There are 2 protein chains.
Amino acid sequence: MPVARVRDQYHHGDLESALIATARKLTKRNGIEHLSLRKVAQEIGVSPSAAYHYFPDRDALMAAVGFSLFEELADYQERELAKITGITAKAAKERYRALGKTYFEWAIKEPHFFNLMFSEHCLVDSNSEQKREDNRAFINLTKCLDELVSTGALEERMRRHSELLSWTVVHGATSLIVSGHLDPENYESILDDLEFALGIRK
Amino acid sequence: MPVARVRDQYHHGDLESALIATARKLTKRNGIEHLSLRKVAQEIGVSPSAAYHYFPDRDALMAAVGFSLFEELADYQERELAKITGITAKAAKERYRALGKTYFEWAIKEPHFFNLMFSEHCLVDSNSEQKREDNRAFINLTKCLDELVSTGALEERMRRHSELLSWTVVHGATSLIVSGHLDPENYESILDDLEFALGIRK
DNA sequence: ACTACTATCTATACATTGTTCAGATAAAAG
DNA sequence: CTTTTATCTGAACAATGTATAGATAGTAGT
């Protein structure tokens, strides 16, 4: 299996990946609305019809991009979490905070990505591939909360109330800010409010 | 003399409203992605170019639809709030809950509307018309929280932490559920978690 | 009532888009 | 070397957003 590196070959070599990567690039620049299959093909140097051997339609390509972005986000979060070591309450709180901060900053940095991920293109049905990516993010949150409890930063009785609440607050604040309905400078104070309400010690 | 049927007239009479109303109808049925200016015009019985006398482009029409939906939602919320009378703690809690419930049910019932409202088409810049609609919803929340405090259902010290937190949780849960990343049956328990964390008495 | 004016809408045209399908080309299999 | 399969092209189609020039109707001024 020769890897085709030259663009003017008849067979591209790894067109599926190229399509996703290029669609990602154009989405990043122009947003979902202005992503055109033909421009993706043109950018790669391939005919518009070629894409249809890998994706049934434009929506499927966009969904593929969206799902790959969930992986990217989870990777990024895990890298950032790994930077914070220690089993103290302080470290646990930093990790908990980092989990939300990475989510928020990812969205602020690439709003077009965030919009794609939570658009109708990436609508998740119950037992799809994507649910596992959600699980991955959720498991990270679960671990963070467990650490908060075990280090004494979070009371045991608040533990079960914290999971969905944390996820919801972080996503909600991010969504409202990205869509312009809330000022970015409010993000930190909302997280403060959440930690205060959950009784996470300062 | 031509028959006085509204659609056969050269001048429509109130084309701007008709455009918004029809675009609303088609969006409700097919979603943002599949809304076409030409179909809107055809449905009204007018040429495609006619729309350009009222909206600079398709995006502007969609934005107009989106902003009108914010008004609709606020109207609906205020109607539902008005149904719950009394100045007891019980009534205050019901109104607080109703504020979130209407938001959630509105989105579940018409997900295409919700997606439009928080899409890039309705991106709100700081001093726009739309900010006032946000204010209207936020003022309702403010009043509900004040009532919770004055009836003794919410502690004074939690008051200032409750505003953005409540808004964020309700929107976040709704957004995650509409986009398929969270099961609808979780909504109530998330609200329970929030009320528990804020110390709102059962 | 006649004219000039303005607001409103149509007709036509164009580039771009998603998508289909028959066929070309290259790689793999025999 | 032939056959088969995977991969991509080319041309075509209908639909879309949008620009421009012109048609039509209501309105104001005389």
Side-chain angles (χ1 to χ4, degrees), chain A residues 1-27 29-66 112 116 119-121, chain B residues 1-27 29-66 112 116 119-121:
Chain A
M1 279 231 182
V3 178
R5 304 177 57 235
V6 194
R7 304 231 308 219
D8 38 308
Q9 287 181 348
Y10 197 97
H11 286 59
H12 177 276
D14 193 5
L15 185 54
E16 182 169 3
S17 310
L19 285 167
I20 295 180
T22 307
R24 198 201 101 110
K25 191 173 78 179
L26 295 187
T27 299
R29 190 181 306 157
N30 306 320
I32 330 172
E33 223 71 26
H34 302 94
L35 176 69
S36 116
L37 238 179
R38 293 180 100 108
K39 276 189 190 135
V40 171
Q42 191 181 11
E43 181 99 0
I44 301 177
V46 95
S47 100
S49 345
Y52 288 86
H53 282 264
Y54 301 97
F55 301 99
D57 53 24
R58 175 181 176 271
D59 285 349
L61 172 57
M62 300 188 54
V65 173
H112 291 143
L116 169 57
S119 74
E120 293 168 300
H121 297 96
Chain B
M1 186 169 102
V3 186
R5 292 171 71 93
V6 179
R7 307 192 12 178
D8 296 343
Q9 289 179 350
Y10 196 97
H11 287 59
H12 177 275
D14 193 4
L15 186 53
E16 181 168 4
S17 309
L19 285 167
I20 295 180
T22 307
R24 198 201 101 110
K25 191 173 77 179
L26 295 186
T27 300
R29 190 181 306 158
N30 306 319
I32 330 172
E33 222 73 23
H34 301 95
L35 176 69
S36 118
L37 237 178
R38 293 179 100 108
K39 277 188 190 138
V40 172
Q42 191 181 13
E43 180 99 1
I44 301 177
V46 97
S47 98
S49 344
Y52 287 84
H53 283 263
Y54 301 96
F55 301 99
D57 53 23
R58 174 181 176 271
D59 286 350
L61 173 57
M62 299 187 54
V65 173
H112 292 141
L116 169 57
S119 73
E120 294 168 300
H121 297 96

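Since the structure is predicted, the reported quantities are computational estimates derived from the model, not experimental observations. We name chains A, B, ... by the order of the sequence lines, and we start the count at 1 in each one.
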Rounded to whole Å, CZ of B/R58 lies from C1' of D/dG17 at a distance of 9 Å
Out of D/dG17, D/dT18, C/dT19, minimum distance to the side chain of A/D57 belongs to C/dT19
Taken to the nearest whole Å, CE/B/M62 to P/D/dT16 is 14 Å
dist A/R58:CZ -> B/E33:CD (nearest 0.5 Å) comes out at 6.0 Å
Exercise for review: Assign A/Y54 to base, sugar-phosphate, or nothing according to its heavy-atom contacts below 4.0 angstrom with the strands shown.
Suggested key: sugar-phosphate
Any side-chain heavy-atom pair of B/L116 and B/S119 under 4.5 Å: yes
To the nearest angstrom, the CG-P distance between B/D59 and D/dT16 comes to 16 Å
* Asked: According to a strict under-4.0 Å criterion, is B/Y52 in side-chain N/O contact with OP1 or OP2 of D/dT20?
  -> no
Rounded to the nearest 0.5 angstrom, the CD-OG distance for B/E43 and B/S36 is 10.5 Å
Closest heavy-atom pair, B/L15 versus B/A50, reported as atoms and distance to 0.1 Å, is CD2-CB, 3.8 Å
The reported gap from CG in A/L37 to OH in A/Y52 (rounded to nearest 0.5 angstrom) is 5.0 Å
Atom CD1 of B/I44 and atom P of C/dT10 are separated, to the nearest Å, by 10 Å
Separation of D/dT7 atom P from A/F55 atom CZ, nearest Å, is 13 Å
Between A/A50 and B/L35, the residue closer to the 5' end of DNA chain D by nearest nucleotide is A/A50
Whole-Å distance, A/L37 CG to D/dA15 C1', equals 16 Å
Between N or O atoms, less than 3.5 Å apart, protein on one side and nucleotides 10-14 of chain D on the other: list the pairs.
unit_1 : atom_1 : unit_2 : atom_2 : d
D/dG10 : O6     : A/S49  : OG     : 2.4

Taking C/dT17, D/dT7, C/dC9 as options, the one with an atom nearest any side-chain atom of A/K39 is C/dT17
pair B/N30-B/H112: side-chain heavy atoms closer than 4.5 Å: no
Here the distance between atom P of D/dC8 and atom CG of A/L19, to the nearest Å, is 9 Å
Interatomic distance, CG@B/L26 vs CD1@B/I32, rounded to 0.5 Å, equals 13.5 Å
Separation of C/dG18 atom P from A/H34 atom NE2, nearest Å, is 12 Å
